[in-house]
Participant: 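Have a look at this one before I ask anything.
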Protein chains: 2
Amino acid sequence: MRSGFGQFCPVAVACEIFAERWTPIILRELFNGAEHFNEIHRGIPLISRPLLVKRLRELEAAGVIVREALPNGRGRYCLSEAGKEFAPLIEQLGTWGQRWTSRVERRNLDAGLLMWNLRRRIVLELLPPQRVVVRFKYGGIPAAYRGYRVFWLLLERMQVDLCVVDPGFEVDLYVTADLAAMTRVWLGDELLESALRTREIELVGKGELVKAFPSWLMLSRFAGVPRPVAAAGG
Amino acid sequence: MRSGFGQFCPVAVACEIFAERWTPIILRELFNGAEHFNEIHRGIPLISRPLLVKRLRELEAAGVIVREALPNGRGRYCLSEAGKEFAPLIEQLGTWGQRWTSRVERRNLDAGLLMWNLRRRIVLELLPPQRVVVRFKYGGIPAAYRGYRVFWLLLERMQVDLCVVDPGFEVDLYVTADLAAMTRVWLGDELLESALRTREIELVGKGELVKAFPSWLMLSRFAGVPRPVAAAGG
DNA sequence: CGGTATCCCCCGCGATACTG
DNA sequence: CAGTATCGCGGGGGATACCG
(Lines give C-alpha, C1' and ligand atoms only; values in the text may rest on other atoms or scores of the structure.)
Protein backbone atom coordinates (compact mmCIF):
# COMPACT_ATOMS: atom_id res chain seq x y z
CA MET A 1 0.00 0.00 0.00
CA ARG A 2 2.28 2.79 -1.12
CA SER A 3 0.77 6.11 -0.26
CA GLY A 4 -1.10 8.17 -2.77
CA PHE A 5 -3.25 7.31 -5.73
CA GLY A 6 -1.14 8.79 -8.51
CA GLN A 7 -4.01 10.90 -9.81
CA PHE A 8 -4.18 14.63 -10.36
CA CYS A 9 -7.94 14.56 -9.79
CA PRO A 10 -8.91 16.80 -6.87
CA VAL A 11 -11.07 14.03 -5.43
CA ALA A 12 -8.09 11.68 -5.33
CA VAL A 13 -5.74 14.23 -3.82
CA ALA A 14 -8.29 15.16 -1.17
CA CYS A 15 -8.71 11.46 -0.37
CA GLU A 16 -4.99 11.15 0.27
CA ILE A 17 -5.49 13.57 3.14
CA PHE A 18 -9.03 12.99 4.31
CA ALA A 19 -9.79 9.33 3.69
CA GLU A 20 -6.88 7.83 5.61
CA ARG A 21 -7.84 5.33 8.28
CA TRP A 22 -9.08 7.10 11.48
CA THR A 23 -8.63 10.56 10.00
CA PRO A 24 -12.31 11.49 9.53
CA ILE A 25 -12.95 10.33 13.08
CA ILE A 26 -10.13 12.50 14.40
CA LEU A 27 -11.61 15.44 12.53
CA ARG A 28 -15.02 14.65 13.98
CA GLU A 29 -13.52 14.96 17.46
CA LEU A 30 -11.96 18.30 16.61
CA PHE A 31 -15.28 19.55 15.27
CA ASN A 32 -16.87 18.33 18.49
CA GLY A 33 -14.60 20.66 20.39
CA ALA A 34 -11.73 18.41 21.48
CA GLU A 35 -8.46 20.33 21.61
CA HIS A 36 -5.94 18.35 23.64
CA PHE A 37 -4.32 15.04 22.89
CA ASN A 38 -5.97 12.97 25.58
CA GLU A 39 -9.27 14.66 24.95
CA ILE A 40 -9.14 13.54 21.34
CA HIS A 41 -8.04 10.09 22.42
CA ARG A 42 -10.97 9.67 24.80
CA GLY A 43 -13.30 10.05 21.87
CA ILE A 44 -11.37 7.40 19.91
CA PRO A 45 -10.18 4.92 22.55
CA LEU A 46 -9.43 2.15 20.05
CA ILE A 47 -6.75 4.06 18.15
CA SER A 48 -3.26 3.44 19.50
CA ARG A 49 -1.52 6.50 20.86
CA PRO A 50 1.46 6.32 18.48
CA LEU A 51 -0.92 6.12 15.54
CA LEU A 52 -2.94 9.07 16.80
CA VAL A 53 0.27 11.07 17.03
CA LYS A 54 1.17 10.07 13.51
CA ARG A 55 -2.21 11.07 12.10
CA LEU A 56 -2.11 14.42 13.89
CA ARG A 57 1.34 15.11 12.42
CA GLU A 58 0.09 14.19 8.96
CA LEU A 59 -2.88 16.51 9.31
CA GLU A 60 -0.56 19.25 10.46
CA ALA A 61 1.77 18.69 7.49
CA ALA A 62 -1.22 18.86 5.17
CA GLY A 63 -2.25 22.19 6.66
CA VAL A 64 -5.51 20.85 8.04
CA ILE A 65 -4.76 21.46 11.70
CA VAL A 66 -2.42 23.78 13.56
CA ARG A 67 -0.58 22.69 16.64
CA GLU A 68 0.05 25.21 19.35
CA ALA A 69 2.59 24.31 22.03
CA LEU A 70 1.35 25.67 25.33
CA PRO A 71 3.89 26.79 27.95
CA ASN A 72 2.85 24.11 30.45
CA GLY A 73 4.02 21.39 28.08
CA ARG A 74 0.55 20.67 26.75
CA GLY A 75 -0.32 20.83 23.12
CA ARG A 76 -3.40 22.25 21.53
CA TYR A 77 -4.84 21.28 18.20
CA CYS A 78 -7.01 23.63 16.17
CA LEU A 79 -8.56 23.30 12.77
CA SER A 80 -7.07 25.61 10.19
CA GLU A 81 -9.22 27.44 7.70
CA ALA A 82 -8.71 24.55 5.30
CA GLY A 83 -9.56 22.08 8.07
CA LYS A 84 -12.80 23.85 8.90
CA GLU A 85 -13.92 23.31 5.33
CA PHE A 86 -14.09 19.59 6.06
CA ALA A 87 -17.15 20.31 8.22
CA PRO A 88 -19.69 19.53 5.49
CA LEU A 89 -17.92 16.24 4.76
CA ILE A 90 -18.18 15.07 8.36
CA GLU A 91 -21.76 16.23 8.41
CA GLN A 92 -22.61 14.30 5.26
CA LEU A 93 -20.80 11.18 6.37
CA GLY A 94 -22.84 11.19 9.57
CA THR A 95 -26.05 11.84 7.70
CA TRP A 96 -25.35 8.98 5.31
CA GLY A 97 -24.46 6.65 8.15
CA GLN A 98 -27.61 7.57 10.02
CA ARG A 99 -29.77 6.90 6.99
CA TRP A 100 -28.23 3.78 5.52
CA THR A 101 -26.45 1.72 8.17
CA SER A 102 -27.35 -0.17 11.29
CA ARG A 103 -25.04 1.26 13.89
CA VAL A 104 -26.13 -0.55 17.02
CA GLU A 105 -24.17 -3.74 16.44
CA ARG A 106 -22.57 -5.63 19.30
CA ARG A 107 -19.07 -4.84 18.05
CA ASN A 108 -19.86 -1.12 18.25
CA LEU A 109 -21.31 -0.99 21.75
CA ASP A 110 -19.17 0.97 24.16
CA ALA A 111 -20.61 2.37 27.36
CA GLY A 112 -17.65 4.68 28.00
CA LEU A 113 -17.87 6.18 24.55
CA LEU A 114 -21.61 6.60 24.90
CA MET A 115 -21.19 8.49 28.18
CA TRP A 116 -18.34 10.60 26.81
CA ASN A 117 -20.56 11.73 23.96
CA LEU A 118 -23.67 12.13 26.06
CA ARG A 119 -21.69 14.37 28.41
CA ARG A 120 -21.11 16.84 25.58
CA ARG A 121 -24.77 17.05 24.71
CA ILE A 122 -26.41 18.20 27.92
CA VAL A 123 -28.64 21.26 27.75
CA LEU A 124 -26.93 23.28 30.47
CA GLU A 125 -29.60 25.95 30.42
CA LEU A 126 -32.31 23.54 31.55
CA LEU A 127 -30.41 22.21 34.57
CA PRO A 128 -31.66 23.16 38.03
CA PRO A 129 -29.53 25.69 39.93
CA GLN A 130 -28.06 23.17 42.37
CA ARG A 131 -25.81 20.27 41.37
CA VAL A 132 -27.48 17.04 40.26
CA VAL A 133 -25.59 13.76 40.52
CA VAL A 134 -26.77 11.02 38.15
CA ARG A 135 -25.45 7.50 38.37
CA PHE A 136 -25.62 5.35 35.22
CA LYS A 137 -25.35 1.59 35.35
CA TYR A 138 -25.35 -0.45 32.16
CA GLY A 139 -26.44 -4.01 31.59
CA GLY A 140 -26.54 -6.21 28.50
CA ILE A 141 -22.88 -5.51 27.83
CA PRO A 142 -20.99 -7.62 25.24
CA ALA A 143 -18.72 -10.20 26.89
CA ALA A 144 -15.71 -8.80 25.04
CA TYR A 145 -16.23 -5.31 26.46
CA ARG A 146 -13.51 -4.39 28.93
CA GLY A 147 -14.48 -0.82 29.84
CA TYR A 148 -16.43 0.66 32.70
CA ARG A 149 -20.14 0.06 33.14
CA VAL A 150 -20.95 2.45 35.98
CA PHE A 151 -20.65 6.23 35.59
CA TRP A 152 -21.42 9.32 37.56
CA LEU A 153 -22.50 12.45 35.76
CA LEU A 154 -22.13 15.65 37.77
CA LEU A 155 -24.48 18.21 36.32
CA GLU A 156 -23.77 21.76 37.37
CA ARG A 157 -25.14 24.97 36.02
CA MET A 158 -22.36 25.68 33.54
CA GLN A 159 -20.42 22.45 33.51
CA VAL A 160 -20.78 18.69 33.21
CA ASP A 161 -18.28 16.21 34.63
CA LEU A 162 -18.08 12.51 33.90
CA CYS A 163 -16.60 10.15 36.49
CA VAL A 164 -15.85 6.45 36.25
CA VAL A 165 -15.11 6.14 39.94
CA ASP A 166 -17.52 7.19 42.67
CA PRO A 167 -16.91 10.89 43.31
CA GLY A 168 -18.51 10.49 46.75
CA PHE A 169 -21.49 12.78 46.33
CA GLU A 170 -24.99 11.69 47.18
CA VAL A 171 -26.73 10.38 44.08
CA ASP A 172 -29.90 12.23 43.06
CA LEU A 173 -30.93 10.09 40.14
CA TYR A 174 -30.24 6.47 39.21
CA VAL A 175 -30.30 5.42 35.57
CA THR A 176 -30.21 1.70 34.90
CA ALA A 177 -30.17 0.81 31.24
CA ASP A 178 -29.57 -1.87 28.71
CA LEU A 179 -26.55 -0.64 26.75
CA ALA A 180 -28.02 -1.39 23.32
CA ALA A 181 -31.27 0.35 24.23
CA MET A 182 -29.53 3.45 25.55
CA THR A 183 -27.41 3.53 22.40
CA ARG A 184 -30.53 3.27 20.23
CA VAL A 185 -32.10 6.14 22.15
CA TRP A 186 -28.92 8.21 21.80
CA LEU A 187 -28.88 7.62 18.04
CA GLY A 188 -32.55 8.42 17.61
CA ASP A 189 -33.46 4.86 16.68
CA GLU A 190 -35.84 4.57 19.64
CA LEU A 191 -37.74 7.06 21.74
CA LEU A 192 -36.65 7.36 25.36
CA GLU A 193 -40.30 7.07 26.39
CA SER A 194 -40.55 3.78 24.58
CA ALA A 195 -37.45 2.39 26.31
CA LEU A 196 -38.84 3.54 29.64
CA ARG A 197 -42.10 1.74 28.95
CA THR A 198 -40.36 -1.52 28.13
CA ARG A 199 -38.15 -0.94 31.21
CA GLU A 200 -34.98 -1.31 29.11
CA ILE A 201 -34.17 2.01 30.74
CA GLU A 202 -35.22 2.78 34.30
CA LEU A 203 -35.04 6.06 36.18
CA VAL A 204 -35.16 6.15 39.97
CA GLY A 205 -35.08 9.33 42.04
CA LYS A 206 -37.14 12.33 43.04
CA GLY A 207 -40.17 12.70 40.83
CA GLU A 208 -39.26 16.16 39.58
CA LEU A 209 -35.79 15.02 38.52
CA VAL A 210 -37.12 11.89 36.83
CA LYS A 211 -39.53 14.07 34.94
CA ALA A 212 -37.00 16.68 33.94
CA PHE A 213 -34.16 14.32 33.03
CA PRO A 214 -35.22 13.55 29.42
CA SER A 215 -35.31 17.25 28.59
CA TRP A 216 -31.63 17.65 29.50
CA LEU A 217 -30.47 15.20 26.82
CA MET A 218 -29.89 16.54 23.33
CA LEU A 219 -29.00 13.10 21.93
CA SER A 220 -26.68 12.59 18.96
CA ARG A 221 -26.33 15.39 16.41
CA PHE A 222 -27.65 12.94 13.82
CA ALA A 223 -30.59 11.60 15.80
CA GLY A 224 -33.03 13.74 13.87
CA VAL A 225 -31.86 12.93 10.37
CA PRO A 226 -34.85 11.75 8.31
CA ARG A 227 -34.69 8.09 7.30
CA PRO A 228 -35.13 6.98 3.72
CA VAL A 229 -38.71 6.47 2.66
CA ALA A 230 -39.21 2.70 2.55
CA ALA A 231 -39.34 1.48 -1.02
CA ALA A 232 -42.44 -0.41 -2.07
CA GLY A 233 -42.02 -4.10 -1.36
CA GLY A 234 -39.05 -3.48 0.90
CA MET B 1 -5.48 -2.98 10.57
CA ARG B 2 -8.48 -4.96 11.67
CA SER B 3 -11.59 -3.70 9.98
CA GLY B 4 -14.00 -1.35 11.66
CA PHE B 5 -13.63 1.37 14.24
CA GLY B 6 -15.76 -0.10 17.00
CA GLN B 7 -17.91 3.02 17.28
CA PHE B 8 -21.67 3.36 17.01
CA CYS B 9 -21.26 6.92 15.72
CA PRO B 10 -22.83 7.31 12.27
CA VAL B 11 -19.70 9.08 11.03
CA ALA B 12 -17.55 6.10 12.01
CA VAL B 13 -19.88 3.52 10.51
CA ALA B 14 -20.12 5.49 7.27
CA CYS B 15 -16.32 5.67 7.18
CA GLU B 16 -16.10 1.89 7.37
CA ILE B 17 -17.87 1.81 4.03
CA PHE B 18 -16.86 5.04 2.33
CA ALA B 19 -13.36 5.85 3.51
CA GLU B 20 -11.66 2.60 2.54
CA ARG B 21 -8.63 2.95 0.30
CA TRP B 22 -9.65 3.52 -3.37
CA THR B 23 -13.37 3.45 -2.56
CA PRO B 24 -14.17 7.16 -3.03
CA ILE B 25 -12.29 7.02 -6.33
CA ILE B 26 -14.31 4.03 -7.49
CA LEU B 27 -17.48 5.91 -6.58
CA ARG B 28 -16.21 8.94 -8.49
CA GLU B 29 -15.91 6.76 -11.58
CA LEU B 30 -19.44 5.46 -11.14
CA PHE B 31 -20.75 9.01 -10.78
CA ASN B 32 -18.81 9.86 -13.93
CA GLY B 33 -20.87 7.30 -15.77
CA ALA B 34 -18.60 4.23 -15.80
CA GLU B 35 -20.63 1.02 -15.66
CA HIS B 36 -18.44 -1.90 -16.72
CA PHE B 37 -15.45 -3.39 -15.01
CA ASN B 38 -12.80 -2.36 -17.49
CA GLU B 39 -14.40 1.03 -17.88
CA ILE B 40 -14.01 1.62 -14.16
CA HIS B 41 -10.48 0.28 -14.28
CA ARG B 42 -9.44 2.65 -17.05
CA GLY B 43 -10.25 5.53 -14.78
CA ILE B 44 -8.15 4.01 -11.97
CA PRO B 45 -5.26 2.28 -13.76
CA LEU B 46 -3.10 2.02 -10.65
CA ILE B 47 -5.49 -0.18 -8.70
CA SER B 48 -4.84 -3.88 -9.19
CA ARG B 49 -7.65 -5.82 -10.76
CA PRO B 50 -8.11 -8.23 -7.86
CA LEU B 51 -8.36 -5.31 -5.47
CA LEU B 52 -10.90 -3.54 -7.67
CA VAL B 53 -12.99 -6.71 -7.67
CA LYS B 54 -12.76 -6.88 -3.90
CA ARG B 55 -13.83 -3.27 -3.42
CA LEU B 56 -16.75 -3.68 -5.81
CA ARG B 57 -17.92 -6.75 -3.85
CA GLU B 58 -17.62 -4.82 -0.60
CA LEU B 59 -19.66 -1.95 -1.98
CA GLU B 60 -22.25 -4.43 -3.20
CA ALA B 61 -22.42 -6.10 0.22
CA ALA B 62 -22.86 -2.68 1.83
CA GLY B 63 -25.78 -1.92 -0.48
CA VAL B 64 -24.00 0.95 -2.17
CA ILE B 65 -23.93 -0.53 -5.65
CA VAL B 66 -25.96 -3.16 -7.44
CA ARG B 67 -24.41 -5.61 -9.81
CA GLU B 68 -26.36 -6.74 -12.80
CA ALA B 69 -25.12 -9.80 -14.69
CA LEU B 70 -25.71 -9.24 -18.36
CA PRO B 71 -26.47 -12.24 -20.62
CA ASN B 72 -23.26 -11.82 -22.66
CA GLY B 73 -21.15 -12.52 -19.60
CA ARG B 74 -20.51 -8.86 -18.87
CA GLY B 75 -21.30 -7.25 -15.58
CA ARG B 76 -22.83 -3.88 -14.97
CA TYR B 77 -22.44 -1.79 -11.86
CA CYS B 78 -25.02 0.77 -10.83
CA LEU B 79 -25.28 2.99 -7.81
CA SER B 80 -28.15 2.10 -5.51
CA GLU B 81 -30.32 4.76 -3.94
CA ALA B 82 -27.97 4.71 -0.93
CA GLY B 83 -24.96 4.94 -3.25
CA LYS B 84 -26.35 7.96 -5.05
CA GLU B 85 -26.47 9.77 -1.75
CA PHE B 86 -22.67 9.74 -1.71
CA ALA B 87 -22.77 12.29 -4.54
CA PRO B 88 -22.42 15.33 -2.26
CA LEU B 89 -19.45 13.71 -0.54
CA ILE B 90 -17.55 13.20 -3.79
CA GLU B 91 -18.47 16.73 -4.77
CA GLN B 92 -17.18 18.13 -1.47
CA LEU B 93 -13.99 16.11 -1.61
CA GLY B 94 -13.25 17.45 -5.08
CA THR B 95 -14.08 20.97 -4.05
CA TRP B 96 -11.78 20.76 -1.04
CA GLY B 97 -8.98 19.24 -3.12
CA GLN B 98 -9.34 21.96 -5.70
CA ARG B 99 -9.18 24.69 -3.11
CA TRP B 100 -6.48 23.45 -0.75
CA THR B 101 -4.06 21.12 -2.52
CA SER B 102 -1.54 21.31 -5.29
CA ARG B 103 -2.56 18.54 -7.61
CA VAL B 104 -0.08 18.94 -10.46
CA GLU B 105 2.80 17.07 -8.86
CA ARG B 106 5.11 14.88 -10.90
CA ARG B 107 3.88 11.74 -9.16
CA ASN B 108 0.34 12.54 -10.28
CA LEU B 109 1.00 13.24 -13.94
CA ASP B 110 -0.57 10.67 -16.23
CA ALA B 111 -1.22 11.44 -19.87
CA GLY B 112 -3.51 8.45 -20.38
CA LEU B 113 -5.65 9.39 -17.44
CA LEU B 114 -5.79 12.99 -18.59
CA MET B 115 -7.01 11.95 -22.04
CA TRP B 116 -9.50 9.46 -20.61
CA ASN B 117 -11.05 12.23 -18.52
CA LEU B 118 -10.84 14.84 -21.25
CA ARG B 119 -12.68 12.46 -23.57
CA ARG B 120 -15.68 12.50 -21.25
CA ARG B 121 -15.87 16.26 -21.16
CA ILE B 122 -16.26 17.22 -24.81
CA VAL B 123 -19.17 19.48 -25.72
CA LEU B 124 -20.69 17.28 -28.39
CA GLU B 125 -23.17 19.95 -29.41
CA LEU B 126 -20.44 22.31 -30.54
CA LEU B 127 -18.64 19.81 -32.79
CA PRO B 128 -18.82 20.34 -36.55
CA PRO B 129 -21.04 17.92 -38.49
CA GLN B 130 -18.17 15.94 -40.01
CA ARG B 131 -15.65 13.90 -38.02
CA VAL B 132 -12.62 15.71 -36.62
CA VAL B 133 -9.46 13.76 -35.82
CA VAL B 134 -7.20 15.35 -33.21
CA ARG B 135 -3.77 13.97 -32.44
CA PHE B 136 -2.30 14.75 -29.00
CA LYS B 137 1.40 14.40 -28.32
CA TYR B 138 2.76 15.03 -24.85
CA GLY B 139 6.20 16.16 -23.77
CA GLY B 140 7.74 16.85 -20.37
CA ILE B 141 6.68 13.44 -19.15
CA PRO B 142 8.13 12.09 -15.88
CA ALA B 143 10.84 9.50 -16.46
CA ALA B 144 8.94 6.95 -14.40
CA TYR B 145 5.84 7.22 -16.58
CA ARG B 146 5.29 4.07 -18.61
CA GLY B 147 2.05 4.88 -20.39
CA TYR B 148 1.26 6.22 -23.82
CA ARG B 149 2.16 9.75 -24.86
CA VAL B 150 0.42 9.98 -28.23
CA PHE B 151 -3.34 9.82 -28.56
CA TRP B 152 -5.95 10.22 -31.23
CA LEU B 153 -9.30 11.68 -30.38
CA LEU B 154 -12.05 10.96 -32.89
CA LEU B 155 -14.69 13.60 -32.47
CA GLU B 156 -18.01 12.74 -34.08
CA ARG B 157 -21.35 14.40 -33.70
CA MET B 158 -22.69 12.23 -30.93
CA GLN B 159 -19.64 10.27 -29.84
CA VAL B 160 -16.01 10.61 -28.86
CA ASP B 161 -13.43 7.84 -29.24
CA LEU B 162 -9.98 7.75 -27.74
CA CYS B 163 -7.24 5.74 -29.44
CA VAL B 164 -3.72 4.99 -28.31
CA VAL B 165 -2.71 3.51 -31.64
CA ASP B 166 -3.05 5.31 -34.95
CA PRO B 167 -6.58 4.65 -36.20
CA GLY B 168 -5.40 5.51 -39.71
CA PHE B 169 -7.56 8.55 -40.37
CA GLU B 170 -6.15 11.77 -41.67
CA VAL B 171 -5.38 14.10 -38.76
CA ASP B 172 -7.23 17.43 -38.79
CA LEU B 173 -5.65 19.02 -35.75
CA TYR B 174 -2.34 18.47 -33.99
CA VAL B 175 -2.03 19.26 -30.28
CA THR B 176 1.48 19.26 -28.84
CA ALA B 177 1.63 19.97 -25.16
CA ASP B 178 3.70 19.85 -22.06
CA LEU B 179 1.94 17.33 -19.85
CA ALA B 180 2.08 19.46 -16.70
CA ALA B 181 0.77 22.49 -18.58
CA MET B 182 -2.11 20.57 -20.12
CA THR B 183 -2.94 19.13 -16.70
CA ARG B 184 -2.94 22.63 -15.19
CA VAL B 185 -5.28 23.82 -17.91
CA TRP B 186 -7.55 20.81 -17.39
CA LEU B 187 -7.72 21.54 -13.66
CA GLY B 188 -8.39 25.23 -14.14
CA ASP B 189 -5.04 26.26 -12.69
CA GLU B 190 -4.02 27.97 -15.91
CA LEU B 191 -5.94 29.43 -18.82
CA LEU B 192 -5.57 27.63 -22.14
CA GLU B 193 -4.88 30.98 -23.80
CA SER B 194 -2.00 31.55 -21.43
CA ALA B 195 -0.46 28.15 -22.19
CA LEU B 196 -0.86 28.82 -25.90
CA ARG B 197 0.96 32.14 -25.51
CA THR B 198 3.90 30.53 -23.72
CA ARG B 199 3.80 27.75 -26.33
CA GLU B 200 3.57 25.09 -23.64
CA ILE B 201 0.59 24.01 -25.71
CA GLU B 202 0.58 24.31 -29.49
CA LEU B 203 -2.27 23.80 -31.93
CA VAL B 204 -1.59 23.14 -35.61
CA GLY B 205 -4.30 22.69 -38.23
CA LYS B 206 -6.92 24.53 -40.22
CA GLY B 207 -7.55 27.96 -38.76
CA GLU B 208 -11.23 27.36 -38.08
CA LEU B 209 -10.52 24.16 -36.16
CA VAL B 210 -7.70 25.78 -34.16
CA LYS B 211 -10.07 28.58 -33.27
CA ALA B 212 -12.99 26.33 -32.35
CA PHE B 213 -11.02 23.71 -30.43
CA PRO B 214 -10.92 25.47 -27.03
CA SER B 215 -14.69 25.78 -26.99
CA TRP B 216 -15.10 22.01 -27.23
CA LEU B 217 -13.31 21.37 -23.94
CA MET B 218 -15.33 21.55 -20.76
CA LEU B 219 -12.30 20.93 -18.52
CA SER B 220 -12.53 19.26 -15.12
CA ARG B 221 -15.80 19.51 -13.19
CA PHE B 222 -13.85 21.29 -10.47
CA ALA B 223 -11.96 23.74 -12.67
CA GLY B 224 -14.31 26.56 -11.75
CA VAL B 225 -14.28 26.12 -7.99
CA PRO B 226 -13.39 29.44 -6.35
CA ARG B 227 -10.01 29.44 -4.60
CA PRO B 228 -9.60 30.61 -1.03
CA VAL B 229 -9.10 34.31 -0.64
CA ALA B 230 -5.40 34.77 0.12
CA ALA B 231 -4.84 35.64 3.74
CA ALA B 232 -3.00 38.84 4.45
CA GLY B 233 0.73 38.19 4.52
CA GLY B 234 0.29 34.82 2.79
C1' DC C 1 -0.15 15.08 30.45
C1' DG C 2 1.63 14.27 25.90
C1' DG C 3 4.12 12.23 23.72
C1' DT C 4 8.88 8.69 21.77
C1' DA C 5 11.16 4.54 20.81
C1' DT C 6 11.28 -0.21 19.64
C1' DC C 7 9.86 -4.53 18.28
C1' DC C 8 7.38 -7.49 15.55
C1' DC C 9 3.31 -9.58 13.59
C1' DC C 10 -0.11 -9.90 10.30
C1' DC C 11 -2.65 -8.97 6.36
C1' DG C 12 -3.51 -5.75 2.68
C1' DC C 13 -1.97 -5.52 -1.50
C1' DG C 14 0.67 -6.07 -5.86
C1' DA C 15 2.37 -9.34 -9.34
C1' DT C 16 1.47 -12.95 -12.10
C1' DA C 17 -0.83 -16.55 -14.18
C1' DC C 18 -4.93 -18.71 -15.39
C1' DT C 19 -10.24 -19.34 -16.78
C1' DG C 20 -15.20 -19.27 -18.56
C1' DC D 1 -14.27 -8.97 -21.29
C1' DA D 2 -14.45 -9.88 -16.50
C1' DG D 3 -12.98 -11.84 -13.51
C1' DT D 4 -10.40 -16.05 -10.04
C1' DA D 5 -6.31 -18.28 -7.86
C1' DT D 6 -2.03 -18.24 -5.72
C1' DC D 7 2.08 -16.50 -3.72
C1' DG D 8 5.00 -13.55 -1.27
C1' DC D 9 6.44 -8.97 0.53
C1' DG D 10 6.41 -4.80 2.98
C1' DG D 11 4.93 -1.70 5.91
C1' DG D 12 0.94 -0.26 8.62
C1' DG D 13 -0.13 -0.40 12.97
C1' DG D 14 -0.67 -2.74 17.72
C1' DA D 15 1.74 -3.67 22.14
C1' DT D 16 4.75 -2.23 25.36
C1' DA D 17 8.01 0.38 27.62
C1' DC D 18 10.12 4.66 28.39
C1' DC D 19 10.75 10.02 28.84
C1' DG D 20 10.49 15.32 29.75
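Within every chain, numbering begins at 1; the chains are lettered A, B, ... in the order of the sequence lines, protein sequences first and strands thereafter.
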Participant: Could you check how far CZ of R21(A) sits from P of dG13(D), rounded to whole Å?
Facilitator: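 One finds 7 Å between P of dG13(D) and CZ of R21(A), rounded.
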Participant: Does dC1(C) have OP1 or OP2 sitting under 4.0 Å from an N or O in the side chain of R74(A)?
Facilitator: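 For R74(A), the contact criterion (side-chain N or O under 4.0 Å from OP1 or OP2 of dC1(C)) is not met.
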Participant: Before giving the answer on side-chain contact (heavy atoms from CB on, under 4.5 Å), spell out for M182(B) and L118(B) the whole-Å C-alpha distance, their side-chain angles and the decisive distance to 0.1 Å.
Facilitator: CA-CA 10 Å; M182(B) 191 67 180; L118(B) 189 141; 3.8 Å; yes
Participant: Tell me whether the rings of W22(A) and F5(B) are parallel (<30°), tilted (30 to 60°) or perpendicular (>60°).
Facilitator: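 Geometry flag for F5(B) against W22(A): perpendicular rings.
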Participant: Tell me: CD1 of I44(A) to P of dG13(D), nearest whole Å?
Facilitator: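 My rounded result for the distance is 14 Å.
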Participant: Send over the distance from I26(A) CD1 to dG13(D) C1', rounded to a whole Å.
Facilitator: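 Value for this atom pair: 13 Å.
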Participant: Rounding to a whole Å, what distance do you find between R55(A):CZ and dG13(D):P?
Facilitator: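 The distance from CZ of R55(A) to P of dG13(D) comes to 5 Å, rounded to the nearest Å.
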Participant: Cation over ring, R99(A) on W96(A), under 6.0 Å and within 45°?
Facilitator: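 Not satisfied by the 6.0 Å and 45° rule.
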Participant: Measuring from the side chain of K54(A) (C-beta onward, heavy atoms only), which nucleotide among dG13(D), dG3(C), dA5(C) has the closest atom?
Facilitator: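 Nearest listed nucleotide: dG13(D).
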Participant: Could you tell me the separation between the CD atom of E35(A) and the P atom of dG2(C), rounded to a whole number of Å?
Facilitator: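 It works out to 11 Å between those atoms.
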Participant: Reckon R67(B) has a side-chain N or O less than 4.0 Å from the OP1 or OP2 of dG3(D)?
Facilitator: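 Yes, such a contact exists.
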Participant: Using the ring of F151(A) (Phe, Tyr or Trp, six-membered ring only), decide whether R135(A) places NZ or CZ under 6.0 Å from its centre and within 45 degrees of its axis.
Facilitator: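 Geometry flag: not set, cation outside 6.0 Å or 45°.
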Participant: Quick one: which of dG3(C), dG14(C), dG14(D) gets closest to the side chain of S48(A)?
Facilitator: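 Closest of the options to the side chain of S48(A): dG14(D).
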Participant: Have a look at R57(B) and say if it touches a base, only the backbone sugar-phosphate, or nothing, with a 4.0 Å heavy-atom cut-off.
Facilitator: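 Result for R57(B) = sugar-phosphate.
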Participant: Classify the nucleic acid contact of R76(B) as base, sugar-phosphate or nothing, counting any heavy atom under 4.0 Å across all strands shown.
Facilitator: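 The residue R76(B) makes no contact with any strand.
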Participant: Pick base, sugar-phosphate or nothing for H36(A), based on heavy-atom distances below 4.0 Å to the nucleic acid.
Facilitator: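 Sugar-phosphate: the residue H36(A), judged by heavy atoms under 4.0 Å, touches backbone atoms but no base.
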Participant: Does the side chain of R103(B) come within less than 4.5 Å of D189(B)'s, by heavy atoms?
Facilitator: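 In contact.
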Participant: Would you mind reading off the distance between I47(B) atom CD1 and dG12(C) atom P, rounded to a whole angstrom?
Facilitator: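 Rounded to the whole Å, the gap is 14 Å.
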Participant: What's the CD1-P distance between I40(A) and dG3(C), to the nearest Å?
Facilitator: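 Rounded to the whole Å, the gap is 9 Å.
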Participant: Would you kindly give the CZ-to-P distance between F5(A) and dG12(C), to the nearest whole Å?
Facilitator: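 Checked: the CZ to P distance equals 16 Å.
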Participant: Which nucleotide in the list dA5(D), dG3(D), dG3(C) gets nearest to the side chain of P50(B)?
Facilitator: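 Per side-chain heavy atoms of P50(B), the pick is dA5(D).
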Participant: Does R49(A) place a side-chain N or O at less than 4.0 Å from the phosphate oxygens OP1/OP2 of dC18(D)?
Facilitator: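 No, because none of the side-chain N or O atoms of R49(A) sits under 4.0 Å from OP1 or OP2 of dC18(D).
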